[in-house]
Every structure is written in structure tokens, then in C-alpha cells.
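Data first, discussion second: the structure below is written as C-alpha cells.
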There are 2 protein chains.
Amino acid sequence: MDVEALAEAVAGGDRRALSRAITLVESSRADHRDGAARLLDRLAPRTGGALRLGLTGTPGVGKSTFVEALGLHLTGQGRRVAVMAVDPSSTRTGGSILGDKTRMERLAREPGAFVRPSPSQATLGGVARRTREVLALCEAAGFDVAIVETVGVGQSETAVAGLTDVFALLLAPAGGDELQGVKRGIMEAADLVLVNKADGDLAAQARRTAADYAGALRLLRRGAEDLEGFPKARTLSALEGRGVAEAWEEIAALHADRRDSGALAARRAAQAEAAFDAELRALILERLAADAGTAARAEALRRAVGQGARAPAAAAREALDASAAGV
Amino acid sequence: MDVEALAEAVAGGDRRALSRAITLVESSRADHRDGAARLLDRLAPRTGGALRLGLTGTPGVGKSTFVEALGLHLTGQGRRVAVMAVDPSSTRTGGSILGDKTRMERLAREPGAFVRPSPSQATLGGVARRTREVLALCEAAGFDVAIVETVGVGQSETAVAGLTDVFALLLAPAGGDELQGVKRGIMEAADLVLVNKADGDLAAQARRTAADYAGALRLLRRGAEDLEGFPKARTLSALEGRGVAEAWEEIAALHADRRDSGALAARRAAQAEAAFDAELRALILERLAADAGTAARAEALRRAVGQGARAPAAAAREALDASAAGV
């Protein structure tokens with residue numbers, strides 16, 4: 001594989017090269033993983049140029065409608081927008097790939113937009129890792145806004161918050177007692193709560209919901225390091241296109257403030273270092289598992305621990321001491 | 001160190017030997033860790049005999065009063081009860097060790113009881129690991145009920161649920177809108193919600209709180225594998241000693257049902273295997289870090305990734321390829 005030529009083509013903004021690079025990055029074949037690692041390493045100095053927006057919201061809140069409306073607003077301004085998803089459930093439901101394409105077909109037809117279906121990976125860790133790499137490729141290809149969305153399965157919002165610069169929670173209008181349905185961790189990570197469907201009969205309820213969340217966000221308010229007024233809650237109607245431009249202005253203002261204060265660089269450095277640590281751990285376990293004798297011995301010791309015949313710490317020592325890999 | 005003699009003394013129920021063994025297990029000195037691993041491995045076949053009860057509740061709900069009342073009830077029946085805590089905040093607040101001793105002084109004086117102060121470890125992973133090992137020592141020493149409590153800092157309830165057979169949540173009477181303050185994960189893990197302070201003016205409010213939680217538990221009800229009626233909510237007054245014996249009967253009935261159905265053995269096997277996996281990962285990283293050249297190189301690569309000059313996957317490969325440990 002000519003990784004250097006592919007890297008040049010991606011950096012030149014070639015769409016087909018970007019698609020080929022993404023296919024390479026999403027492959028689990030060992031030789032493809034090697035090529036992908038070299039490709040991403042080569043492109044690393046060209047990454048970091050996009051505003052990375054994380055978005056979560058349960059099914060039915062109008063997430064795709066909002067992302068499409070926001071994407072069209074941005075491409076209308078001449079920006080290049082990439083959309084990707086962290087959705088570990090997509091292999092189970094099977095419908096996400098077609099679903100994403102169908103739902104955002106107007107945005108997907110825009111020359112300045114790139115809508116990537118959810119990768120079909122079983123584990124959240126695998127999906128988050130691939131999404132981080134696809135995001136890096138999109139940045140290297142010159143996209144200046146990257147939107148990573150999730151439907152909030154398990155810990156997927158935490159994964160998305162760990163990949164992005166600004167994190168928004170999209171909600172539908174609801175009664176006050178539904179506030180408890182939002183996990184505390186999401187509320188703590190959210191910079192912006194957006195209450196969608198503020199149109200027709202639901203407009204007043206949307207305003208009440210936004211006010212409820214504004215109150216909850218005040219209780220959870222983080223330190224003084226952020227732009228005055230954040231985290232905040234506001235309403236919009238993705239269907240009617242109202243409030244979408246204003247939501248973007250909020251996101252862009254917070255991002256600019258974090259960039260100027262140095263908070264953005266610190267956040268990204270911490271995210272990248274955490275990704276390095278995760279890669280290191282995964283790689284060590286892969287290499288141990290690839291050594292058939294060690295893997296079989298570790299599995300036998302693991303079973304003995306499960307049966308209560310051995311204690312975890314001593315069994316783990318024995319598994320490694322006998323390892324031909326010599327750790 | 002004569003690990004075999006110490007193991008024999010612990011298994012014989014010798015209190016001073018148990019204390020020596022716990023000190024060994026809680027030490028972070030490398031030679032102590034070796035001895036502790038051998039000791040625990042030797043005692044492994046003697047563990048598993050206790051009912052392991054996990055308990056969580058925020059400060060002020062009367063957790064120590066309840067644990068002491070429950071402990072005295074059990075020692076009164078001739079049972080041997082060990083109490084320990086998973087509390088990663090104890091190094092920060094500094095008061096937990098003395099606090100625990102003072103609060104449970106009646107129970108601590110009972111010959112059949114063993115009240116262990118919180119280990120002073122900074123990380124939750126470290127505390128959970130040590131607590132698992134102390135619990136194993138107590139089982140080997142013949143204690144037949146082990147109570148592991150936590151105040152619910154960070155993910156500590158998840159850690160406690162991962163060490164125990166039955167998991168209970170202790171609450172104070174409260175208004176309905178405070179229900180949202182309980183993390184969803186705790187509600188999902190709880191077999192039993194106990195509303196304390198059902199005495200005097202608060203009795204009626206305690207009953208309402210228990211009814212609210214009973215409703216919430218019904219919504220979260222797990223599969224049909226458990227004893228009819230669980231998870232459930234009930235009231236008690238630890239101060240007046242009412243409802244404590246009944247709470248214990250519920251716990252014991254659920255435990256017996258899980259033991260008879262095989263669910264208990266499966267849960268414990270999964271917990272032990274997860275502990276083995278965690279030990280294996282920690283040990284590999286320890287050994288890599290102990291190799292000074294590898295550690296320095298990994299740190300330099302980690303910084304380059306943080307600065308955006310290198311990509312995580314390629315940098316992790318380079319860190320390991322250059323390792324003298326030869327992983």
C-alpha cells in the first residue's frame with residue numbers, strides 16, 4: 001500500500017481518497033491496521049483544524065433533522081461539514097446505515113458536506129477509536145466543522161464528549177419530571193442544552209423545558225473557566241429552521257473563547273493522551289493474545305479464578321511469568 | 001515471610017493473624033505484594049463462605065447506624081460479621097478512619113464482629129482491589145457475613161456491586177422530586193431500597209418515599225431470574241432498631257434463592273474473572289513502567305500525541321516495538 005500517496009491525496013481534499021482512507025481505517029485486518037496507523041501518523045500534523053461538535057439525544061427528538069438543518073446552514077456559509085456517528089447499537093438494529101443516509105439525504109448531496117454512516121462495530125471502544133480516526137482524516141481533508149452524534153447507548157455520550165470540543169444535548173419538549181431521565185454525567189458534560197420542536201402546539205412547553213434545564217445546569221455549573229453564561233439552554237425548531245443559526249452562534253462563540261483561553265488546547269491534549277493510553281493497553285493485550293501458548297494459559301487461569309480455586313493477583317502473575325512474550 | 005504459617009493462622013480464625021494479613025494485603029511494597037498474592041492464592045479454596053452485602057447511601061442517611069444495628073442483630077444470632085468500606089475520598093477528607101471507629105464502637109467491641117476502617121488509597125481501582133482481597137481474608141477467617149459499604153463517590157457503587165452478592169441502597173425520607181438525585185446505575189444495581197428514619201415525624205414521609213421508589217424499581221425491573229417481588233423497597237428505623245431484622249430476612253431470602261438457582265455462582269464467577277482481567281492489565285502496565293527506557297520513550301511519545309504531532313495508534317506501536325520488555 002502506498003500510504004504516502006494516499007496521505008497526499010487526502011490532504012489535497014480528494015473525496016475518493018478520503019473514502020479509501022476511511023475504509024482502510026475501519027478495517028480490522030492486521031495489515032490494514034498497520035497501514036492505517038502509518039497513514040494517520042503521517043497526517044497528524046494536518047489535523048486539528050475543525051470545530052468538533054458532539055451531539056447526543058434519544059431517538060425521536062429530531063437529531064437528524066437538526067444535524068441536517070445545521071449542516072445546510074454551515075454549507076450555505078461556505079463551510080465544509082463532516083457528520084459521523086458513535087452508535088454501538090448499529091450492528092444490532094441493522095438499520096442505522098440506511099437510516100442515516102435516508103434521513104440526511106439533502107445534506108449528503110451538498111458538495112461541501114460529508115455524511116458518514118455509523119461504523120458497524122460491536123464494542124463502544126472500537127467505535128469510538130474508529131470515529132476518532134475518521135474525524136482526523138476529515139480534518140486532514142480540510143473539513144472545518146466535524147459533528148459527532150450519538151443516540152446515547154450505554155456510555156456513548158462520554159465517548160463522544162471525549163472526542164469533541166463542544167458538547168450539546170438535544171431534547172424534545174417534556175414535562176418537568178422527565179428531567180430525571182437524563183443521566184447526570186450527560187448534564188455535567190453538556191455545554192448547551194437545545195430543546196427542539198419549539199413550534200406549533202409545543203412552543204410553550206419547549207420554553208418551559210428549556211427553563212427547567214437552565215435551572216438544572218445552574219446547579220451543575222462548572223468552574224469559572226468558561227464563557228459567561230455557559231452551560232446554557234435554548235429552544236429551536238429544526239423543522240422550521242428557527243433557532244438553528246442562533247444555536248450555531250452560541251457553539252462558535254464558546255469554541256472561540258476556549259481557543260483563546262487555551263482551554264481548547266488543554267482539552268484536546270488530554271483527549272489525545274487518553275487515546276494513546278487506550279491504544280497502548282489494547283495493543284499489549286492483542287500481542288499477548290496473539291501468543292497462542294500465553295493466551296491458552298491465561299484462559300485456563302482465568303477459569304480457575306472464576307471457579308474460586310485461585311486468587312486473581314497470583315493467577316495474573318503466573319499468566320505473565322510463563323509468557324513467551326516475556327512481559 | 002512465612003506465608004504458609006500465616007495462611008494457617010488466618011484459616012484458624014486467629015484475629016492477630018488476620019490483622020497482619022490485612023496489613024500485608026494493603027501494603028504497596030513490591031515484596032509485600034508478592035507475599036500477599038501467594039497468601040491469597042493459598043487461601044482461595046477457603047473463601048466464598050460469606051453472604052456478601054453491598055450497601056450505599058449518601059452521608060446523613062444513617063448508614064453507620066444501620067450497619068451497626070444490623071451487625072449487632074447478626075452477632076446476636078451467633079453470626080460472625082465483617083464490615084469494610086470502599087471510599088476513595090478517605091485520603092482527602094482524612095476523617096474516615098477515626099470516624100468509622102467512633103461511629104461503630106459498639107459493634108467493634110463484639111467478639112464476633114470485625115470493623116475495618118477504609119483503606120487510605122487514592123484511586124477507586126486500588127481501593128476496590130484491596131477491599132476484594134480483605135473480604136477474601138475475612139471469609140477465609142470464618143466470617144459468614146461481609147458488609148461492604150460506600151458513600152457513593154464517583155463510580156464506587158459500581159465497584160461495591162462488583163464485589164458483593166446482594167446490593168442495597170439506604171435512603172432518608174425525602175420529597176418525590178429528590179428521586180432524580182439517585183444515579184440510574186445505582187437504581188439498576190439495587191436489589192433492595194431501604195428508607196431509614198421511619199420514626200417520629202418522618203414515619204409517614206418515609207412510607208411515601210418507599211412507595212415512590214417501589215414504583216421506580218418496578219419500571220427498572222430486571223428479568224424474571226430473581227425471587228418474586230425483587231427489587232423491592234421498605235422502611236426501617238436504625239435508631240429504634242425497627243425493621244432491621246426484617247430487612248435482613250429479605251436479604252437472606254434473596255441470597256438463598258440466588259444460591260439455589262445457580263445465579264450466585266455465575267455472578268461470583270463473573271466478578272472473579274473481571275478481577276483477574278483487571279490484575280492482568282495492571283500488572284502488564286506496571287512491568288512496562290518498571291522498564292525505565294520503555295517508560296521514558298512511552299512518555300515522550302505520549303507528549304507528542306498530546307501536542308498533535310503524532311497519531312495515537314502509530315505512537316503506541318512505536319512505544320512497544322522499542323520496548324526491551326519485548327511485548
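First the proteins, then the strands, lettered A, B, ... as listed; each starts at 1.
Only the side chain of A:Glu133 comes within contact range of chain B, judged by heavy atoms closer than 4.5 Å. Interface residue A:Ala309: only backbone heavy atoms are found under 4.5 Å from chain B. Of the two parts of A:Arg46, neither the backbone nor the side chain holds a non-hydrogen atom closer than 4.5 Å to a non-hydrogen atom of chain B. Both the backbone and the side chain of B:Glu273 come within less than 4.5 Å of a heavy atom in chain A. Of the two parts of A:Asp277, only the side chain, counted from C-beta on, holds a non-hydrogen atom closer than 4.5 Å to a non-hydrogen atom of chain B. Looking at B:Arg42, there are no atoms closer than 4.5 Å to chain A (heavy atoms on both sides), in backbone or side chain.
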Check your understanding: When you look at B:Thr56 and B:Val160, which way does the side chain to side chain contact (heavy atoms under 4.5 Å, CB included) test go after all the steps?
Key -> CA-CA 8 Å; B:Thr56 189; B:Val160 170; over 6 Å; no
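A side-chain donor-acceptor contact under 3.5 Å links B:Asp165 to the backbone of B:Arg52. The backbone N or O of B:Glu318 sits nowhere less than 3.5 Å from a side-chain atom of B:Arg297 that would complete a donor-acceptor pair.
Using a 4.5 Å cut-off on side-chain heavy atoms (C-beta onward), B:Leu24 and B:Leu6 make contact.
The existence of a salt bridge linking B:Asp41 and A:Arg317 is excluded, since no basic side-chain nitrogen approaches an acidic carboxylate oxygen closer than 4.0 Å.
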